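The structure displayed is predicted, hence computed values, not measured ones.
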Amino acid sequence: MRVGLKVPREFTPEIAIYMSGLQYGREHTLEIIKDLTPEEIARRVLPSVHSIGALALHLGETAFYWIECVVAGREPSEEEKRSAHFFDTMESDVDKGYDADYLMSKLGAISTIAYKRLASLGDSDLDRYFTRPEPPATREHSLREILQRMIDHEGHHRGQMTMIKRLIRGDRPAS
């Protein structure tokens, strides 16, 4: 896999910048995952630290949530919730036999959904606010903020995944 910026033509100029950041981060996440065994994917190095598999699925779950539920303003179907592993990642961190191909395909499929949705928006939408229900209140986030949060979120968990991989493998490099 070649890691690098690719600005798809279907995005407006400013959204393309955010999409390049999202894609760059996702490619690096996939680099970390690609050579993991199912045992490494499921391993918890400490009881309070989630596995790489749980973190990877959480990245997909949250990307789907932000783009489809907040930006698109829709409630996902039960099938979509299952497919995006809603409430099945951080809260249910157990060995489910997932391999690297499974994680990479899930993250790829969710990225494709997000990219298609975002391709329908323009630069003027970056400062549009979207409602996110957070009981007991409701919060509003601009698309610009949502995309930046997604980039930061991916980087945060990618750092955790890299550290876990190093701890699991000892002296072996983490890719």
Side-chain angles (χ1 to χ4, degrees), residues 1-8 16-71 76 80-115 118 132 134 139 141-175:
M1 173 181 302
R2 186 183 178 306
V3 176
L5 295 176
K6 299 173 197 135
V7 181
I17 292 168
Y18 286 101
M19 296 311 296
S20 292
L22 286 167
Q23 184 172 5
Y24 180 83
R26 182 54 50 92
E27 287 177 3
H28 281 280
T29 298
L30 296 176
E31 282 290 323
I32 292 165
I33 293 169
K34 75 179 183 181
D35 67 341
L36 293 171
T37 66
E39 295 76 23
E40 290 172 324
I41 286 167
R43 184 159 175 210
R44 294 181 75 168
V45 294
L46 293 169
S48 61
V49 175
H50 294 290
S51 69
I52 291 174
L55 293 168
L57 291 174
H58 170 69
L59 287 172
E61 170 192 34
T62 55
F64 188 91
Y65 169 78
W66 277 109
I67 301 304
E68 290 302 302
C69 300
V70 177
V71 173
E80 288 172 320
K81 287 179 185 178
R82 275 190 301 283
S83 180
H85 288 272
F86 268 52
F87 312 115
D88 187 35
T89 56
M90 306 297 272
E91 298 83 358
S92 180
D93 189 8
V94 296
D95 185 354
K96 296 179 180 169
Y98 299 140
D99 63 14
D101 288 339
Y102 179 81
L103 295 180
M104 292 171 60
S105 70
K106 278 294 171 187
L107 290 174
I110 290 170
S111 292
T112 299
I113 291 167
Y115 290 6
L118 292 167
R132 177 183 180 203
E134 290 183 32
R139 297 193 185 239
H141 303 277
S142 70
L143 179 59
R144 187 181 307 277
E145 179 187 358
I146 290 168
L147 295 175
Q148 187 61 55
R149 279 175 172 246
M150 289 174 63
I151 292 167
D152 294 345
H153 185 248
E154 184 100 13
H156 172 76
H157 287 310
R158 186 174 55 254
Q160 291 174 316
M161 293 162 65
T162 300
M163 181 58 66
I164 293 166
K165 189 172 181 179
R166 285 183 184 148
L167 290 170
I168 289 170
R169 292 189 169 179
D171 292 339
R172 289 172 49 198
S175 293

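- Minimum heavy-atom separation, Tyr18 to Ile151: O-CD1, 3.7 Å.
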Verdict with supporting geometry, Leu55 and Ile164, side chain to side chain contact (heavy atoms under 4.5 Å, CB included)
CA-CA 11 Å; Leu55 293 168; Ile164 293 166; 3.8 Å; yes
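- Salt-bridge annotation for Lys106 and Asp101: absent, with no side-chain N of the basic residue lying under 4.0 Å from a carboxylate O of the acidic one.
- If you take NZ on Lys34 and CD on Glu31, they are separated by 3.5 Å, rounding to the nearest 0.5 Å.
- Between Leu57 and Tyr98, the closest heavy-atom pair is CD1-CE1, 3.5 Å.
- For the pair Gln23 and Tyr115, the minimum side-chain heavy-atom distance is below 4.5 Å.
- Residues Lys96 and His85 form no side-chain contact, since every pair of their non-hydrogen atoms from C-beta on lies 4.5 Å or further apart.
- A pairwise comparison of heavy atoms in Phe64 and Ile113 identifies CE1-CD1, 4.1 Å as the closest pair.
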Show, in sequence, the C-alpha distance, side-chain angles and deciding distance for His153 and His58, and conclude whether the side chain to side chain contact (heavy atoms under 4.5 Å, CB included) test is met.
CA-CA 10 Å; His153 185 248; His58 170 69; 3.0 Å; yes
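- The closest donor-acceptor contact from the side chain of Arg158 to the backbone of His28 lies at 3.5 Å or more, if one exists at all.
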What verdict does the side chain to side chain contact (heavy atoms under 4.5 Å, CB included) test give for Asp99 and Leu36, after you've listed the backbone C-alpha separation in whole Å, the side-chain angles of each residue and the deciding distance to 0.1 Å?
CA-CA 7 Å; Asp99 63 14; Leu36 293 171; over 6 Å; no
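- When all heavy atoms of Ala42 and Ser51 are compared, the pair lying nearest together is O-CB, 3.5 Å.
- The shortest non-hydrogen separation linking Ile33 to Ala100 is O-CB, 3.4 Å.
- Under the 4.5 Å side-chain criterion, counting only non-hydrogen atoms from C-beta, Leu22 is not in contact with Glu154.
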Is there a salt bridge (charged side-chain N to carboxylate O under 4.0 Å, His left out) between Glu40 and Lys165 once you walk through the steps?
CA-CA 8 Å; Glu40 290 172 324; Lys165 189 172 181 179; over 6 Å; no
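- A distance-only check finds no donor-acceptor pair linking the side chain of Arg139 to the backbone of Arg132 [under 3.5 Å].
- Note: Ile110 CD1 to Tyr65 OH = 15.0 Å, rounded to the nearest 0.5 Å.
- We find the CH2-CD1 distance between Trp66 and Ile146 to be 5.5 Å, quoted to the nearest 0.5 Å.
- A distance of 11.0 Å separates CD1 in Ile32 from CE in Met163, rounded to the nearest 0.5 Å.
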Would you check, one step at a time, whether the test salt bridge (charged side-chain N to carboxylate O under 4.0 Å, His left out) holds for Arg43 with Glu39?
CA-CA 6 Å; Arg43 184 159 175 210; Glu39 295 76 23; over 6 Å; no
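- The distance from the CD1 atom of Ile52 to the OG1 atom of Thr162 is 8.0 Å, given to the nearest 0.5 Å.
- When every heavy atom of Ala56 is checked against every heavy atom of Met161, the shortest pair comes out as CB-CE, 4.1 Å.
- Atom-to-atom distance recorded for Arg44:CZ and His50:NE2 is 6.0 Å, nearest 0.5 angstrom.
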Go through Leu118 and Leu147 one step at a time and tell me if the side chain to side chain contact (heavy atoms under 4.5 Å, CB included) criterion holds.
CA-CA 10 Å; Leu118 292 167; Leu147 295 175; 3.8 Å; yes
